[in-house]
Undergrad: 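Just dropping this structure here.
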Amino acid sequence: MSIGKVDLNLLKVFDAVFEERNLVLAGRRLHLSQSAVSHALSRLREVVGDELFVRTGRGMEPTGGALRMAPALRDALRRIEATLDVAPFSARGSQRQFVIAANDHVTAVLVAPLARKLQRAAPGVDLVIRPSTRLDLAEQIDLGRIDLAIGIFSQVPPRMSARTLMSQGEAILMRKDHPASRGRLTLTAFARHPLVTISVGGQEEGAVDGFILERGLARQSEMFDRGALREALDAQGVQPRVRVTVPHSLAIPALLRDSDMLSIVPASLARALTRGDTGLVMRQPPYPASQATTRAVWHSRHDHDAAHTWLRDTVAEVAGALGERRVAKA
């Protein structure tokens, strides 16, 4: 098949239908009628020799051929758009929408100050936050549905780029009148109490050593250093007692307020959850835990896109104020 026989507008229709899974919504995006979208799909089907989409009760479901075509095709379209977009990006005048994947911890501590900054510097820019814990994150980035993923990644595939946002340690959370809250938290006192931990995926979801690997991208599944915890408690002759494991960090306060449980959380989250009269206090862990590095990950096709560069710089500026601060010992 010669590229000269392909109307590139048909590829834009394919891209919109693949994203929306709906002919009406795809038409609205492209300012076309539903019949025009349907006609364009028919022409493209003839060109590629594949049905591309099948109408189901859930919408227009892509065929295997469409799924194979989509990543490379969307990558090519985005590169063309970036090449033709020669006008400088103006944050203050932009009406752009960005989609960021993040867990609830990152959303709580980073997205709020980011939104405040956008309100001042880019009032027309909108953010959509998608969960980074219950979707195939690498596929979503490949397909262009996610502009930026924020989290802790042990492995990033070559087709993607990454930028360090902040490094932070861990903190121990407990209620204010907890027996272990009096003075410096010792390992002996720590070992007496059961734990609440955060895990967004276990072995049944493919987690290995606290990370889930998807299409070359390995994201953190446990929000604490389990190895350091076990090593520290081995010295006390006890095993960690994890009484409650939750997938959402914002459930932690309710679980701690009326119990003697402790929770190991990222330091930035601990600061957020103890700000004001929350009934919680934080302490430094009584054992050496590793520093965790939070990174932003995006598809490399956006490396030189002015709008994406601005977004990454803005996120990095906000995140830089959150990391690498010591947790109080008492």
Side-chain angles (χ1 to χ4, degrees), residues 11-22 25-26 29 41 44 48 50-54 56 58-82 97-107 111 127-163 165 199-222 247 294-303 305 307-308 311-312 315:
L11 304 184
K12 293 178 65 177
V13 170
F14 172 88
D15 183 47
V17 176
F18 191 90
E19 172 71 18
E20 301 292 350
R21 301 293 203 270
N22 183 286
L25 296 179
R29 176 189 289 198
L41 274 184
L44 187 58
V48 301
D50 188 277
E51 190 65 16
L52 296 179
F53 297 96
V54 178
T56 71
R58 296 179 297 177
M60 301 296 290
E61 290 296 316
T63 65
L67 290 171
R68 288 189 295 272
M69 286 171 52
L73 178 59
R74 304 194 87 198
D75 188 11
L77 287 173
R78 298 301 178 266
R79 289 179 183 273
I80 292 171
E81 290 170 356
Q97 180 187 86
F98 293 103
V99 181
I100 296 176
N103 60 28
D104 65 337
H105 155 226
V106 170
T107 301
V111 175
L127 294 180
V128 176
I129 309 301
R130 304 291 189 205
S132 62
T133 56
R134 286 293 180 262
L135 48 79
D136 188 330
L137 193 56
E139 181 185 51
Q140 298 292 303
I141 295 171
D142 285 339
L143 293 177
R145 295 178 181 175
I146 298 296
D147 294 310
L148 203 65
I150 301 175
I152 297 172
F153 304 97
S154 65
Q155 181 178 319
V156 177
R159 67 185 183 279
M160 297 179 189
S161 300
R163 176 173 181 172
L165 297 179
S199 178
V200 295
Q203 292 181 350
E204 70 280 0
E205 293 176 284
V208 177
D209 295 330
F211 286 85
I212 295 175
L213 179 64
E214 299 166 331
R215 303 172 193 264
L217 182 67
R219 60 177 171 84
Q220 186 186 41
S221 61
E222 293 185 329
T294 299
R295 294 194 284 175
V297 172
W298 64 94
H299 200 283
S300 298
R301 63 174 169 261
H302 297 311
D303 282 353
D305 181 285
H308 278 261
L311 174 67
R312 298 192 298 267
V315 169

Undergrad: With rounding to the nearest 0.5 angstrom, report the OG1 to CZ distance, Thr63 to Phe53.
TA: 7.5 Å

Undergrad: Might you point out which heavy atoms bring Trp298 and Asp147 nearest each other, and give the distance in Å?
TA: CB-O, 3.4 Å

Undergrad: Side chains of Ile141 and Arg159: closer than 4.5 Å at any heavy-atom pair?
TA: no

Undergrad: Taking Ser199 for the side chain and Glu222 for the main chain, is one N or O donor matched with an acceptor at less than 3.5 Å?
TA: no

Undergrad: Distance check, rounded to the nearest 0.5 Å: Thr56 atom OG1 versus Arg21 atom CZ?
TA: 9.5 Å

Undergrad: Does any non-hydrogen side-chain atom of Val13 lie less than 4.5 Å from one of Leu41?
TA: yes

Undergrad: Can you tell me how far CZ of Arg215 sits from CD of Glu139, rounded to the nearest 0.5 angstrom?
TA: 4.5 Å

Undergrad: If I take atom CZ from residue Arg295 and atom CZ from residue Arg219, how far apart are they, to the nearest 0.5 angstrom?
TA: 15.0 Å

Undergrad: For Leu52 and Ala66, which heavy atoms make the closest approach, and how far apart are they?
TA: O-CB, 3.2 Å

Undergrad: State the CD-CZ distance between Glu61 and Phe18, to the nearest 0.5 angstrom.
TA: 9.5 Å

Undergrad: Would you say that Val128 contacts Ile100 through its side chain, given a criterion of any heavy-atom pair below 4.5 Å between the two side chains?
TA: no

Undergrad: Do the non-hydrogen side-chain atoms of Arg130 and Arg145 ever get within less than 4.5 Å of each other?
TA: no

Undergrad: Using every non-hydrogen atom in the two residues, find where Pro157 and Gly216 come nearest and quote the distance to one decimal.
TA: CD-O, 3.2 Å

Undergrad: For the residue pair Asp75 and Asp142, establish whether any side-chain heavy-atom pair is separated by less than 4.5 Å.
TA: no

Undergrad: I'd like to check Phe211 versus Gln155 (side-chain heavy atoms, cut-off strictly below 4.5 Å). Are they in contact?
TA: no

Undergrad: With heavy-atom distances below 4.5 Å as the criterion, would you say the side chains of Val315 and Leu148 are in contact?
TA: yes

Undergrad: Taking atom OG of Ser132 and atom CD of Gln140, what is their separation to the nearest 0.5 Å?
TA: 11.5 Å

